[in-house]
Student: 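Let me begin by handing over the structure; questions about it come next.
Atoms within each ligand, like the ligands themselves, are counted from 1 in listed order. The structure displayed is predicted, hence computed values, not measured ones.
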Amino acid sequence: DTDRSRGLGDVYKRQVQAGAGMGLGHARTYLKGYLMAIEKTFIMIKPDAVRDRKIGEIVARIERSGLVIERMEMTTLERATVEEHYAHLADKPFFGGLCDFMTSGPVVKMVVSGLSAVAKMRTLMGATNPLDAAPGTIRGDFAVDVNANVIHGSDCLENAEIEIKRFFG
Ligand code: DAT
Ligand code: MG
């Protein structure tokens with residue numbers, strides 16, 4: 001997986017070199033790309049999508065975006081792990097139902113890497129509430145209910161690191 005990350009960097013370096021002969025506007029675009037970091041984010045296909053046999057379509061969208069799936073495993077989560085993962089929502093009325101849902105069947109957990117992988121995956125996923133998620137996003141296309149919204153993705157780089165440790169050790 002290190003090799004694949006390095007490969008991505010090389011592609012980008014070539015683009016930056018190609019940008020050296022361009023005008024200022026293009027050069028700035030290339031420089032911005034060069035400064036974007038290759039990140040790792042934690043992604044989980046939730047039990048509703050696994051039950052509905054959407055794993056393949058969701059994985060295809062992630063790969064088609066140019067991001068790289070570095071690790072992937074199907075597992076059924078322990079309730080304690082879910083409670084820790086969603087601790088920021090512990091005082092919400094839906095917390096119990098959320099933990100029931102997340103332990104109701106297997107999930108597919110992943111480490112996904114690439115340029116700005118955290119934000120890129122949030123864009124691919126769409127808004128938390130599928131009613132607000134744009135068509136073309138994973139939640140917009142595969143979910144109708146905030147109680148079963150198909151996919152999890154880390155919301156920032158710091159949480160990505162914490163979540164990768166939590167779910168992959
Ligand atoms: P996200 O999953 O987009 O990061 P979050 O961290 O705020 O959103 O919430 C985690 C999950 O909790 C979310 O994916 C679905 C559930 N959830 C959030 N708000 C909810 C609500 N108002 N009613 C029911 N479930 C909700
Ligand atoms: Mg969240």
Side-chain angles (χ1 to χ4, degrees), residues 1 5 8 32-33 35-169:
D1 52 25
S5 302
L8 195 60
K32 193 172 155 210
L35 293 174
M36 290 196 302
I38 292 177
E39 300 173 348
K40 289 184 202 291
T41 188
F42 177 72
I43 300 299
M44 198 155 47
I45 301 176
K46 295 184 178 182
D48 54 335
V50 174
R51 259 192 300 273
D52 293 344
R53 294 178 291 185
K54 299 302 182 199
I55 296 171
E57 289 186 68
I58 292 169
V59 163
R61 285 173 180 226
I62 295 170
E63 291 199 310
R64 201 201 307 154
S65 78
L67 295 172
V68 174
I69 297 172
E70 292 201 6
R71 305 186 64 168
M72 179 158 70
E73 187 186 331
M74 189 184 289
T75 184
T76 302
L77 298 174
E78 299 289 341
R79 195 173 185 94
T81 309
V82 174
E83 286 173 353
E84 184 183 271
H85 180 62
Y86 285 129
H88 60 293
L89 301 171
D91 59 344
K92 303 286 187 199
F94 57 82
F95 183 68
L98 175 62
C99 296
D100 291 343
F101 165 61
M102 289 300 295
T103 55
S104 67
V107 300
V108 176
K109 57 181 186 174
M110 287 176 244
V111 176
V112 172
S113 74
L115 288 171
S116 299
V118 173
K120 176 77 179 175
M121 274 306 309
R122 294 289 296 195
T123 301
L124 288 177
M125 286 162 51
T128 301
N129 191 331
L131 289 177
D132 304 322
T137 65
I138 293 169
R139 284 165 168 168
D141 290 350
F142 297 122
V144 289
D145 184 351
V146 71
N147 292 295
N149 64 359
V150 166
I151 188 166
H152 166 82
S154 309
D155 61 4
C156 65
L157 193 55
E158 188 190 0
N159 282 337
E161 281 176 32
I162 292 168
E163 290 172 5
I164 289 168
K165 281 206 191 79
R166 175 177 299 137
F167 288 94
F168 281 101

Student: Does H88 reach ligand 1, in the sense of a heavy atom lying below 4.0 Å from it?
Tutor: yes

Student: Is it true that a side-chain atom of R122 and a backbone atom of G153 form a donor plus acceptor pair closer than 3.5 Å?
Tutor: yes

Student: Between E70 (side chain) and S113 (backbone), is there a donor-acceptor pair under 3.5 Å?
Tutor: no

Student: F167 vs F42 aromatic rings, parallel, tilted or perpendicular, using cut-offs 30° and 60°?
Tutor: parallel

Student: From M110 CE over to M121 CE, what is the distance, rounded to the nearest 0.5 angstrom?
Tutor: 7.0 Å

Student: Do R122 and ligand 1 have an N or O pair less than 3.5 Å apart?
Tutor: yes

Student: Using a strict 4.0 Å cut-off to heavy atoms of Y86, name the atoms of ligand 1 that fall inside it.
Tutor: 10 (C), 11 (C)

Student: Does the side chain of K40 reach to within under 4.5 Å of the side chain of I164, using non-hydrogen atoms?
Tutor: yes

Student: For ligand 1, which atoms sit closer than 4.0 Å to a heavy atom of L98?
Tutor: 12 (O), 16 (C)

Student: Among protein heavy atoms, which lies nearest atom 24 (C) of ligand 1, and at what distance?
Tutor: N147 OD1, 3.3 Å

Student: Hey, is the main chain of V112 close enough, under 3.5 Å, to the side chain of T41 for a donor-acceptor pair?
Tutor: no

Student: Which one holds for K46 and ligand 1: side chain close, backbone close, both close, or neither close, with close meaning a heavy atom under 4.0 Å?
Tutor: side chain

Student: What residue and heavy atom of the protein are closest to atom 13 (C) of ligand 1, and at what distance?
Tutor: N149 ND2, 3.6 Å

Student: Who's the nearest protein heavy-atom neighbour of atom 19 (N) of ligand 1, and how far?
Tutor: F94 CZ, 3.4 Å

Student: Between CZ of R64 and CD of E57, what distance do you get to the nearest 0.5 Å?
Tutor: 9.5 Å

Student: I need the nearest protein heavy-atom contact for atom 8 (O) of ligand 1: residue, atom name and distance, please.
Tutor: T128 OG1, 3.2 Å

Student: With a heavy-atom distance limit of 4.0 Å, tell me whether R139 approaches ligand 1 through its side chain, its backbone, both, or neither.
Tutor: side chain

Student: Is a side-chain N or O of R139 found less than 3.5 angstrom from the main chain of G126, in a donor-acceptor match?
Tutor: yes

Student: In the protein, what heavy atom is nearest to atom 9 (O) of ligand 1, and what distance, to one decimal place, separates them?
Tutor: L89 CD1, 3.4 Å

